[in-house]
Amino acid sequence: MRPLTEAETRAVFEKLAKYIGENIQLLVDRPDGTYCFRLHRDRVYYLSEKLLKLAASVPRESLVAPGTCFGKFTKSQKFRLSITALDFLAPYAKYKVWVKPGSEQSFLYGNHVLKSGLGRITENTAQYQGVVVYSMADVPLGFGVAAKSTQECRKVDPLAIVVFHQADVGEYVRKEDTLT
């Protein structure tokens with residue numbers, strides 16, 4: 001487990017900024033202590049400094065997951081957010097999309113959100129902006145990328161894609177072997 005390099009930190013923070021904007025500072029400096037990001041086996045973990053000190057005494061081979069996995073770096077050094085980061089992204093999300101109850105299951109199976117399944121969308125959402133997807137009962141279901149801006153969503157065909165799927169809570173069941 002090691003600190004992130006400058007390039008890795010930039011990649012992680014750019015991806016997080018896409019979803020929570022300048023609220024990244026709130027993730028690091030929290031009222032209950034200082035938190036940090038660490039890299040272990042190409043995965044980025046979010047953990048408190050107290051837990052970091054405790055994890056330092058565990059041998060590297062025995063350490064499975066020192067904190068909450070936020071994502072991983074691919075072989076080409078691109079950062080991919082994991083669904084395990086949703087609990088930390090959802091409270092600070094700048095742009096949100098609510099899906100109708102009939103479309104929740106489709107999204108949870110890994111499909112994109114169509115205009116017909118769109119309940120609400122945050123005003124002034126730009127195209128290709130990172131969004132957190134909620135149910136109509138304000139339960140975070142996952143996150144994605146807005147395929148259309150808020151203004152375009154009002155005029156498009158009901159079968160047009162408005163949010164590209166990135167990750168959803170259904171992955172806990174579908175990919176339980178690979179999530180750490």
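- A distance of 9.5 Å separates OG1 in Thr34 from NZ in Lys50, rounded to the nearest 0.5 Å.
- For the side-chain contact (heavy atoms from CB on, under 4.5 Å) test, residues two or more places apart in sequence or in another chain that qualify with Pro101 are Glu104, Met136.
- Applying the side-chain hydrogen bond (donor to acceptor under 3.5 Å, both in side chains) test to pairs two or more places apart or on separate chains, those with a residue in residues 128-149 are Trp98-Asp138.
- Note on Val163 and Val139: separate hydrophobic clusters, where clusters join Ile, Leu, Val, Met, Phe, Trp and Tyr whose side-chain heavy atoms are under 4.5 Å apart, directly or indirectly.
- Legend: ring pair (Phe, Tyr, Trp, His ring centres under 6.0 Å) pairs involving residues 56-78, not counting sequence neighbours, sorted by first then second residue: Phe37-Phe70, Tyr46-Phe70, Phe70-Phe88, Phe73-Phe79.
- Scored by the side-chain hydrogen bond (donor to acceptor under 3.5 Å, both in side chains) test, Gln105 finds Tyr109 as partners (sequence neighbours excluded).
- With a 6.0 Å radius and a threshold of 12 heavy atoms from other residues, nucleotides or ligands, Gln77 has its CD atom above the threshold.
- Listed by chain and number, the residues in a side-chain hydrogen bond (donor to acceptor under 3.5 Å, both in side chains) with Asn111 are Ser106 (sequence neighbours excluded).
- Residues Ile83 and Gly142 come closest through the heavy atom pair CD1-CA, 4.1 Å.
- Among residue pairs with one or both ends in residues 67-88, none qualify as salt bridge (charged side-chain N to carboxylate O under 4.0 Å, His left out); sequence neighbours excluded.
- Among pairs with a residue in residues 55-67, none fulfils salt bridge (charged side-chain N to carboxylate O under 4.0 Å, His left out), at least two apart in sequence or across chains.
- Atom CD in Glu152 sits 10.0 Å away from atom CD1 in Ile121 (nearest 0.5 Å).
- At least one side-chain heavy atom of Leu89 sits under 4.5 Å from a side-chain heavy atom of Leu81.
- Leu51 and Pro66 make their closest contact through CD2-O, 3.0 Å (heavy atoms, listed as atom of the first residue, atom of the second, distance).
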Under 3.5 Å, which donor-acceptor pairs do the side chains of residues 154-162 form with other protein atoms, sequence neighbours left out?
| unit_1 | atom_1 | unit_2 | atom_2 | d |
| --- | --- | --- | --- | --- |
| Arg154 | NH2 | Glu123 | OE1 | 3.4 |
| Arg154 | NH2 | Glu123 | OE2 | 2.8 |
| Asp157 | OD2 | Leu159 | N | 3.3 |

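- In this structure the side chain of Tyr35 never reaches within 4.5 angstrom of the side chain of Leu27, judged on heavy atoms.
- Of the possible donor and acceptor atoms, none in the side chain of Thr125 sits under 3.5 Å from a partner among the backbone N and O of Thr150.
- Looking at every heavy atom in both residues, Leu52 comes nearest to Met1 through CD1-CE, 3.6 Å.
- A search for ring pair (Phe, Tyr, Trp, His ring centres under 6.0 Å) contacts involving Tyr95 returns nothing, not counting sequence neighbours.
- Sorted by first then second residue, the ring pair (Phe, Tyr, Trp, His ring centres under 6.0 Å) pairs that include residues 145-169, not counting sequence neighbours, are Phe107-His165, His112-Phe164.
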Contacts table for residues 16-25: side-chain donor-acceptor under 3.5 angstrom, sequence neighbours left out:
| unit_1 | atom_1 | unit_2 | atom_2 | d |
| --- | --- | --- | --- | --- |
| Asn23 | ND2 | Ile20 | O | 3.4 |
| Asn23 | ND2 | Tyr92 | O | 3.0 |
| Gln25 | NE2 | Asp29 | OD2 | 2.4 |

Thr122/Val131 under side chain to side chain contact (heavy atoms under 4.5 Å, CB included): CA gap, chis, key distance, verdict: CA-CA 9 Å; Thr122 307; Val131 295; over 6 Å; no

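- Considering all non-hydrogen atoms of both residues, Cys69 and Ser82 come closest at O-CB, 4.3 Å.
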Derivation and outcome, side chain to side chain contact (heavy atoms under 4.5 Å, CB included), residues Asp168 and Leu108: CA-CA 6 Å; Asp168 63 81; Leu108 294 176; 4.2 Å; yes

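- Applying the side-chain hydrogen bond (donor to acceptor under 3.5 Å, both in side chains) test to Thr5 and every residue at least two apart in sequence or in another chain returns Glu8.
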